[in-house]
Asker: 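This is the structure I want to talk about, given as structure tokens.
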Amino acid sequence: MTDRLRALVFMLASTFSFALMGAQVKALAGVPLTVKVLFRNLVSLGVAFLLIRRSGVRAFGQSRNQVRLLLRSLFGLGGVALTFYALQYLSLADSSILMRLSPFWVTLFAALFLRERLNPVQVPLLLLALAGTLLVIRPQFSYEMIPALAGLLAGVFAGAAYTLLRALKGREEPATIVFYFSFVSVLVMLPFAIHARFCPDGMQLLLLLGTGLAAAAEQITITHA
């Protein structure tokens with residue numbers, strides 16, 4: 001299997017895991033946003049820790065890559081929080097469309113910051129993709145637009161995070177990147193989740209754990225891709 005084909009398989013697996021995560025988040029109505037984001041990253045942290053132990057790589061990476069790792073983690077956390085917010089108010093299909101526009105932003109950011117070349121075919125297709133978001137957002141300039149804009153911004157944040165993933169290629173191991181992101185996310189979200197003072201019931205706990213497992217699969221596969 002070529003590297004390109006392997007990357008495509010990982011991308012498909014990542015998309016499936018993302019959809020599975022989104023469906024479970026959508027089912028967690030009534031659970032505070034901070035609790036959902038915390039569990040999503042707490043489970044990923046545990047999975048990434050096991051991968052770190054098995055592979056023997058550095059948990060927090062090399063000192064020269066700290067800025068990239070931290071920025072990737074913060075953009076990723078912002079994307080997750082905005083994604084979960086959008087999922088509370090939009091249909092799963094609409095929110096997924098907006099958030100999966102991240103390849104548009106990856107292509108743009110890669111051209112701007114990684115000096116990857118845009119071919120003549122990509123430019124009109126990227127403009128078409130951006131224009132297509134208006135069909136989903138249906139701008140009415142009211143408070144009803146806020147969840148749609150959150151979904152759009154989630155795609156922007158994810159695009160920035162994926163661009164930084166690309167910049168970390170060959171510099172850090174996938175397990176290190178996932179562990180670092182999950183660790184920073186848990187560290188940031190833990191105080192907010194504690195402040196929410198929410199205790200999930202049995203079914204909510206299962207869905208929260210399922211969200212975390214699907215998110216871990218999504219993060220590992222997208223990082224490998």
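Position 1 is the first residue of the sequence, and the numbers go up from there.
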Asker: How many angstroms lie between CD in Glu218 and OG1 in Thr15, if you round to the nearest 0.5 Å?
Answerer: 8.0 Å

Asker: Roughly how far apart are Tyr180 OH and Asn65 CG, rounded to 0.5 Å?
Answerer: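 Here the rounded value is 10.0 Å.
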
Asker: So which heavy atom on Ile222 is nearest to which on Met11, and how close?
Answerer: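 Residues Ile222 and Met11, closest heavy atoms: CD1-SD, 3.2 Å.
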
Asker: Do Val47 and Ile220 have side chains that approach each other closer than 4.5 Å (heavy atoms only, starting at C-beta)?
Answerer: yes

Asker: Got a sec, which residues hit side chain to side chain donor-acceptor pair (under 3.5 Å) with Arg166, two or more places apart in sequence or on another chain?
Answerer: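 In terms of side chain to side chain donor-acceptor pair (under 3.5 Å), with neighbours along the sequence ignored, Arg166 is linked to Glu116.
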
Asker: For Arg6, is the CZ atom crowded, meaning more than 12 foreign heavy atoms sit under 6.0 Å from it?
Answerer: yes

Asker: Tell me the salt bridge (Lys or Arg N to Asp or Glu O under 4.0 Å) pairs involving residues 181-203, sequence neighbours left out?
Answerer: none

Asker: How many angstroms lie between atom CZ of Arg54 and atom CZ of Phe49, to the nearest 0.5 angstrom?
Answerer: 13.5 Å

Asker: Looking at residues at least two apart in the chain, or sitting in another chain, which of them share a ring pair (Phe, Tyr, Trp, His ring centres under 6.0 Å) with Phe198?
Answerer: none

Asker: If you take all heavy atoms of Ala175 and Ser55, which pair is closest and at what distance?
Answerer: CB-OG, 4.5 Å

Asker: Rounded to the nearest 0.5 Å, what separates atom CG in Leu187 from atom CG in Asn41?
Answerer: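 Output value for this atom pair is 11.5 Å.
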
Asker: Count I, L, V, M, F, W, Y as connected when their side-chain heavy atoms are under 4.5 Å apart, and connections chain through other members. Are Val186 and Met21 then in the same cluster?
Answerer: yes

Asker: If you define the side chain from C-beta out and look only at heavy atoms, does anything of Leu28 sit under 4.5 Å from Leu87?
Answerer: no

Asker: Which residue pairs satisfy the ring pair (Phe, Tyr, Trp, His ring centres under 6.0 Å) criterion with at least one member in residues 201-225, sequence neighbours excluded?
Answerer: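 The answer is Phe10-His224.
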
Asker: Counting C-beta onward and ignoring hydrogens, is there a side-chain heavy-atom pair between Val25 and Lys36 closer than 4.5 Å?
Answerer: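 Side chain of Val25 against side chain of Lys36, heavy atoms only: contact under 4.5 Å found.
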
Asker: Of all heavy-atom pairs between Ser44 and Ala215, which one has the smallest distance, and what is that distance?
Answerer: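 Taking Ser44 first and Ala215 second, the nearest heavy atoms are OG-C, 3.9 Å.
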
Asker: Could you tell me if the side chain of Leu8 sits less than 4.5 Å from the side chain of Leu12, heavy atoms only?
Answerer: no

Asker: Determine whether a donor-acceptor pair (N or O, by modelled atom type, separation under 3.5 Å) exists between the side chain of Gln62 and the backbone of Glu172.
Answerer: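 Looks like no, no N/O pair under 3.5 Å.
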
Asker: Among Val80, Leu45, Leu74, whose side chain to side chain contact (heavy atoms under 4.5 Å, CB included) with Phe181 holds?
Answerer: Val80

Asker: What distance separates Tyr162 OH from Thr223 OG1, expressed to the nearest 0.5 Å?
Answerer: 8.5 Å

Asker: Check the hydrophobic clustering (I, L, V, M, F, W, Y; side-chain heavy atoms under 4.5 Å; chains of links allowed) and say if Val43 and Leu50 are grouped together.
Answerer: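 No.
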
Asker: Considering all heavy atoms of both residues, which atom of Ala48 and which atom of Val178 are nearest to each other, and what is their separation?
Answerer: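 Closest approach of Ala48 to Val178: CB-CG1, 3.8 Å.
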
Asker: Answer with yes or no whether the hydrophobic clustering places Leu33 together with Leu208; edges join I, L, V, M, F, W, Y residues whose side-chain heavy atoms lie under 4.5 Å apart.
Answerer: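 The answer is no; the residues belong to distinct hydrophobic clusters.
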
Asker: Can you give me the closest heavy-atom contact between Ala59 and Phe179, atom names plus distance?
Answerer: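 Closest approach of Ala59 to Phe179: O-CD2, 3.3 Å.
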
Asker: Taking atom CZ of Phe192 as the centre, does the number of heavy atoms from other residues, nucleotides or ligands within less than 6.0 Å exceed 12?
Answerer: no

Asker: Please give me the minimum heavy-atom distance between Gln24 and Leu207, naming the atom from each residue.
Answerer: OE1-O, 3.8 Å

Asker: Mind checking ring pair (Phe, Tyr, Trp, His ring centres under 6.0 Å) for Phe157 and listing every partner two or more places apart, or none if nothing turns up?
Answerer: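 Only Phe75 meet the ring pair (Phe, Tyr, Trp, His ring centres under 6.0 Å) criterion with Phe157.
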
Asker: Going only through I, L, V, M, F, W and Y residues with side-chain contacts under 4.5 Å, is there a path from Ile194 to Met189?
Answerer: yes

Asker: Look up atom OH in Tyr85 and atom CG in Leu153, then write down how far apart they are to the nearest 0.5 Å.
Answerer: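 One gets 11.5 Å once the value is rounded to the nearest 0.5 Å.
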
Asker: Could you tell me whether the side chain of Arg68 reaches within less than 4.5 Å of the side chain of Arg171, counting heavy atoms only?
Answerer: yes

Asker: What I'd like to find out is whether the side chain of Val37 reaches to under 4.5 Å of the side chain of Leu77, using heavy atoms alone.
Answerer: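 Side-chain contact under 4.5 Å: yes.
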
Asker: With the 4.5 Å side-chain cut-off for hydrophobic clustering, are Phe60 and Leu190 part of the same group?
Answerer: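 Linked, Phe60 and Leu190 end up in one cluster.
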
Asker: Using the ring pair (Phe, Tyr, Trp, His ring centres under 6.0 Å) criterion, which residues pair with Phe39? Sequence neighbours excluded.
Answerer: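 So Phe39 forms no ring pair (Phe, Tyr, Trp, His ring centres under 6.0 Å) with any residue.
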
Asker: Any side-chain heavy atom of Leu69 within less than 4.5 Å of one from Arg72?
Answerer: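 No - every pair of side-chain heavy atoms lies 4.5 Å or more apart.
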
Asker: Checking Ser14 side chain against Thr221 main chain: does a donor-acceptor pair fall under 3.5 Å?
Answerer: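 No.
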
